[in-house]
Every structure is written in structure tokens, then in C-alpha cells.
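Here the structure is laid out as C-alpha cells; the discussion comes afterwards.
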Amino acid sequence: GEDVEQSLFLSVREGDSSVINCTYTDSSSTYLYWYKQEPGAGLQLLTYIFSNMDMKQDQRLTVLLNKKDKHLSLRIADTQTGDSAIYFCAEGKLIFGSGTRLLVRP
Amino acid sequence: DTGVSQDPRHKITKRGQNVTFRCDPISEHNRLYWYRQTLGQGPEFLTYFQNEAQLEKSRLLSDRFSAERPKGSFSTLEIQRTEQGDSAMYLCASSRSGQGNLIEFFGPGTRLTVL
């Protein structure tokens with residue numbers, strides 16, 4: 001069945017780049033997504049990429065898609081303490097991964 | 001329109017009771033989705049509607065769960081004979097068809113606690 005996997009935890013220093021990785025199984029998805037969830041807050045769509053694209057850049061965010069390996073990554077440049085949150089990768093009708101908790105150390 | 005709204009925001013109930021949650025999507029959105037999120041996990045897809053038609057249901061949606069969207073606008077999710085394992089955050093989202101499945105807007109969720 002459909003499945004999305006992510007690493008559980010990432011810790012970086014403020015100002016460094018963060019890279020969060022995700023693998024998925026459903027190759028028919030039109031979109032692949034990254035959502036952000038802060039403690040006590042709702043899910044926020046951070047960015048998304050069409051399945052026919054390899055890369056999308058949006059300010060500090062870069063999404064890379066490797067369709068052959070079914071691998072999606074999110075790079076956050078110049079990571080700030082306000083970026084500390086859980087980041088979810090999702091595909092299709094939103095099959096979510098378990099989330100990667102990003103901790104940004106001052 | 002202020003976005004997707006859900007009511008109530010919190011619900012505490014005793015095991016065996018029935019509960020009903022409501023979701024009001026963004027007004028021009030014809031697709032509506034329900035998800036469930038437990039602590040430490042990503043949201044799990046439950047079901048979705050296009051207009052009033054329920055097009056897909058997850059196997060997670062046991063026969064104690066029922067969802068409706070009678071006029072293609074708001075939706076309700078009912079859980080009968082609640083169990084402690086039903087304790088979770090129930091999330092609603094909406095989107096427009098014609099955008100693939102681009103789902104941008106989630107509601108704040110209803111947190112259910114079953115005692």
C-alpha cells in the first residue's frame with residue numbers, strides 16, 4: 001500500500017541549512033507536499049511540488065524530487081529558531097509521513 | 001471567508017457515548033477531507049467528499065464512524081460507541097477540484113478525549 005517514511009529528528013544550529021528527507025511509494029501522485037506543524041497549532045502547507053518537476057525554490061525553501069528513487073527533500077536555508085517545528089511530507093490524497101521534528105539550536 | 005472551521009475545538013466524552021463533529025470548508029471548495037492525528041504521528045486519511053458524494057473511505061473508518069455532507073457544504077463526522085482508542089485530533093481540510101488534489105487549507109481540528 002501507500003507509505004511515506006521520514007527520519008524522526010533533526011537538530012541544527014541557527015544559521016545552518018536543514019535538509020529533511022522523505023521517501024514515498026505512490027508514483028501516481030500529482031503533488032507532493034511539505035507541511036509544518038508547530039506545537040498546539042494546525043497544519044500549515046509550507047510548499048508543494050508537481051510530480052513532473054525536479055526542483056522548486058521558494059525563498060529559503062528548496063524542494064528536490066527524485067522520481068526514480070521516490071525521494072523528496074526539503075532544504076531550509078539559514079535556519080532560524082522559528083523554524084523549529086514538525087515537518088510532514090505527504091503525497092497524493094495526503095498520505096503523511098510520521099513527521100520530522102526539527103530543533104534549531106541558538 | 002476566514003478559512004476552514006471546525007466545531008467543537010475540544011470534546012471530552014465517556015467511553016460508549018456518541019460524538020459528532022462539524023467542519024465548515026472554505027465556501028467555494030467542493031472537496032472536503034477528514035483526517036485523524038494521534039500523538040507523535042502524521043495525520044491519517046479517513047474519508048473525502050466531492051460535493052455531497054462520499055468518494056473514498058479509509059479502512060480506518062470502522063462501522064462506528066460515519067461522515068455526511070448533505071448539501072455539499074458543511075460536513076459532520078459521527079463516532080458511535082466511542083472507545084479510548086478514538087482519542088485523537090480530528091482534522092478537516094478542503095480544496096477545489098480542478099487543482100489535482102492540492103490541499104492547502106486545514107481546519108484547527110477537534111481534539112477528542114475518550115475517558
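No experiment lies behind these values; they were computed from the predicted model shown. Chain identifiers are assigned alphabetically (A, B, ...) following the order of the sequence lines, protein sequences preceding nucleic acid strands; residue numbering begins at 1 within each chain. These values consider heavy atoms only, across backbone and side chains, with no hydrogens, waters or symmetry-generated copies.
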The reported gap from CD in B/Glu104 to CG in A/Leu43 (rounded to nearest 0.5 angstrom) is 13.5 Å
A/Phe9 reachable from A/Tyr87 in the ILVMFWY side-chain graph, under 4.5 Å edges: no
Under 4.5 Å between side-chain heavy atoms, hopping through other hydrophobics if needed: is there a path connecting A/Phe50 to A/Leu74? yes
Under a 4.5 Å side-chain heavy-atom rule over Ile, Leu, Val, Met, Phe, Trp and Tyr, are B/Phe105 and B/Phe74 clustered together? no
Assigning hydrophobic clusters by single linkage (Ile, Leu, Val, Met, Phe, Trp, Tyr; side-chain heavy-atom cutoff under 4.5 Å), is B/Phe65 placed with B/Leu112? yes
Here the gap from A/Gln37 atom CD to B/Phe106 atom CZ, rounded to the nearest 0.5 Å, amounts to 9.5 Å
Using the rule that two of Ile, Leu, Val, Met, Phe, Trp, Tyr join whenever any of their side-chain heavy atoms come within less than 4.5 Å, decide whether A/Trp34 and A/Met53 are in one cluster. yes
Relative to chain B, which segment of A/Tyr35 carries a heavy atom at a distance below 4.5 Å: side chain, backbone, both, or neither? side chain
Taking every heavy atom of B/Ile103 against every heavy atom of A/Leu45, the minimum-distance pair comes out as O-CD2, 4.1 Å
Less than 4.5 Å to any heavy atom of chain A: does that hold for the side chain of B/Gln37, its backbone, both, or neither? side chain
Are the ring centres of A/Phe96 and B/Phe45 closer than 6.0 Å? no
